[in-house]
Q: 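Just dropping this structure here.
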Amino acid sequence: MSIADIKQNAEAKMAKSIEALKGELHKIRTGRAHPGILDQVNVDYYGSPVPITQVANVTLLDSRTISVQPWEKGMGAKIEKAIRESDLGLNPASQGDLIRVPMPALNEERRRDLTKVVRNVGEDAKIAVRNLRRDANEQAKKLTKEKLISEDDERRSLDDAQKLTDRTIAEIERLIAGKEAEILAV
């Protein structure tokens with residue numbers, strides 16, 4: 001393993017951390033309907049829990065209502081039950097084959113709670129990035145100890161890892177600030 005490999009590996013893992021953060025922020029609802037909110041809901045499908053998107057078509061009816069159209073007639077009640085029992089606080093309503101999921105309006109207290117959740121998710125992402133930096137630094141120090149690279153190369157590697165960490169954390173903070181503004185503006 002070389003310094004370039006360490007740097008490339010750290011960059012790839014930090015990019016995955018950013019994508020994971022985006023996915024987590026995507027799940028936090030802001031009062032506007034978004035089909036991705038239901039991605040984490042699993043439905044019992046012939047004894048196996050499967051994501052709702054694999055048994056139904058999930059679309060938007062308007063800015064505050066999600067529509068769920070089951071592909072099989074018998075799945076409507078199971079989908080409705082799974083949405084109701086999820087921790088999303090949604091109350092679906094059936095209209096024949098169509099299930100409507102209205103998004104409740106956010107009150108001020110709920111908005112503050114959501115901003116705390118966003119900050120915690122962001123802090124978890126920052127911790128993951130710092131752990132990746134630590135791992136990259138340890139790999140560089142190990143190469144120096146084994147006399148595969150010089151101390152100057154190690155120092156450059158540590159500096160590169162720190163710069164990459166700083167850029168990634170700045171991106172995380174930008175995403176968190178954007179989500180907080182979205183929550184408070186709704």
Side-chain angles (χ1 to χ4, degrees), residues 1-32 34-56 58 82-83 85-89 110-186:
M1 179 171 273
S2 69
I3 292 175
D5 293 339
I6 293 170
K7 184 177 178 183
Q8 186 178 19
N9 189 18
E11 283 179 6
K13 288 183 177 180
M14 286 185 189
K16 287 180 183 176
S17 292
I18 293 283
E19 290 305 313
L21 173 66
K22 287 179 182 177
E24 287 298 314
L25 292 178
H26 192 65
K27 292 177 187 175
I28 298 173
R29 63 184 183 86
T30 59
R32 288 195 303 260
H34 190 282
I37 292 170
L38 297 178
D39 285 349
Q40 65 205 33
V41 177
N42 287 327
V43 178
D44 181 46
Y45 186 67
Y46 296 108
S48 300
V50 296
I52 201 167
T53 55
Q54 293 183 8
V55 295
V58 180
I83 294 170
E85 290 177 353
S86 71
D87 60 350
L88 297 174
R110 182 70 178 138
R111 289 174 201 254
R112 281 194 299 272
D113 291 345
L114 285 176
T115 58
K116 289 177 186 175
V117 169
V118 167
R119 286 189 194 120
N120 287 337
V121 168
E123 192 56 39
D124 291 344
K126 289 179 189 177
I127 289 169
V129 167
R130 290 183 193 119
N131 288 339
L132 292 170
R133 176 191 60 195
R134 184 196 64 223
D135 293 345
N137 289 347
E138 286 175 359
Q139 289 173 343
K141 288 177 183 178
K142 182 179 175 188
L143 290 177
T144 304
K145 193 174 188 179
E146 294 173 358
K147 305 223 185 282
L148 296 173
I149 61 172
S150 69
E151 288 182 12
D152 290 340
D153 289 339
E154 176 193 1
R155 190 162 290 116
R156 268 192 292 279
S157 175
L158 297 179
D159 289 344
D160 288 346
Q162 184 59 47
K163 288 175 186 172
L164 178 61
T165 301
D166 292 343
R167 280 196 312 267
T168 306
I169 287 181
E171 174 69 9
I172 289 170
E173 288 174 350
R174 186 188 65 76
L175 290 170
I176 291 169
K179 188 66 173 185
E180 284 179 351
E182 182 182 335
I183 289 170
L184 295 174
V186 174

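Here the structure is a predicted model, which means the values were calculated and not measured. Quick note: numbers below take in every heavy atom, side chains included, and nothing from hydrogens, waters or symmetry partners.
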Q: Apply side-chain contact (heavy atoms from CB on, under 4.5 Å) to the pair Leu164 and Arg133, showing each step before the final yes or no.
A: CA-CA 8 Å; Leu164 178 61; Arg133 176 191 60 195; over 6 Å; no

Q: So Glu154 and Leu143, do their side chains get closer than 4.5 Å, heavy atoms only?
A: no

Q: Go through the steps to decide whether Asp135 and Asn9 satisfy the test side-chain contact (heavy atoms from CB on, under 4.5 Å), and finish with yes or no.
A: CA-CA 10 Å; Asp135 293 345; Asn9 189 18; over 6 Å; no

Q: Distance only, no hydrogens: is a donor on one side chain within 3.5 Å (strictly under) of an acceptor on the other, for Gln162 and Asp166?
A: yes

Q: Of all the heavy-atom pairs spanning Pro49 and Asn42, show the shortest one and how long it is.
A: CB-CB, 4.2 Å

Q: Could you state the interatomic distance from CD1 (Ile176) to CG (Leu21), rounded to the nearest 0.5 Å?
A: 6.0 Å

Q: Please step through side-chain contact (heavy atoms from CB on, under 4.5 Å) for the pair Leu38 and Thr53, ending with a clear verdict.
A: CA-CA 8 Å; Leu38 297 178; Thr53 55; over 6 Å; no

Q: Using the side chain to side chain contact (heavy atoms under 4.5 Å, CB included) definition, which of the options Thr168, Leu132, Ile127 pairs with Ser17?
A: Leu132

Q: Looking at Asn137 and Ala161, what are the two nearest heavy atoms and their distance?
A: OD1-CB, 3.5 Å

Q: Could you go step by step and tell me if Ile169 and Glu173 meet the side-chain contact (heavy atoms from CB on, under 4.5 Å) rule?
A: CA-CA 6 Å; Ile169 287 181; Glu173 288 174 350; 3.8 Å; yes

Q: As an exercise, state the distance from CD of Glu171 to CZ of Arg174, rounded to the nearest 0.5 Å.
A: 4.0 Å

Q: Check Val41 against Ile83 and note the closest heavy-atom contact, atom names and distance.
A: CG1-N, 4.1 Å

Q: Would you give the length of the straight line joining atom CD of Glu180 to atom CG of Leu25, rounded to the nearest 0.5 angstrom?
A: 9.5 Å

Q: Please determine if Glu19 and Lys22 form a salt bridge, counting it only when a charged side-chain N lies under 4.0 Å from a carboxylate O.
A: yes

Q: Any chance NZ of Lys126 has more than 12 other-residue heavy atoms, nucleotides or ligands included, within less than 6.0 Å?
A: yes

Q: If you take all heavy atoms of Thr144 and Ser150, which pair is closest and at what distance?
A: OG1-O, 4.1 Å

Q: Salt-bridged, Arg130 to Glu123, with N to O below 4.0 Å?
A: yes

Q: As an exercise, state the distance from CD1 of Ile6 to CG of Asp160, rounded to the nearest 0.5 Å.
A: 11.0 Å

Q: Can you run down the salt bridge (charged side-chain N to carboxylate O under 4.0 Å, His left out) pairs that involve residues 136-151, sequence neighbours left out, and say none if there aren't any?
A: Arg134-Glu138

Q: Nearest heavy-atom pair of Ala140 and Ile149: which atoms, and what distance?
A: O-CD1, 3.6 Å

Q: Starting at CZ of Arg167, measure out to CD of Glu11 and round the result to the nearest 0.5 Å.
A: 6.5 Å

Q: List the steps and the verdict of salt bridge (Lys or Arg N to Asp or Glu O under 4.0 Å) for Asp159 and Arg156.
A: CA-CA 5 Å; Asp159 289 344; Arg156 268 192 292 279; over 6 Å; no

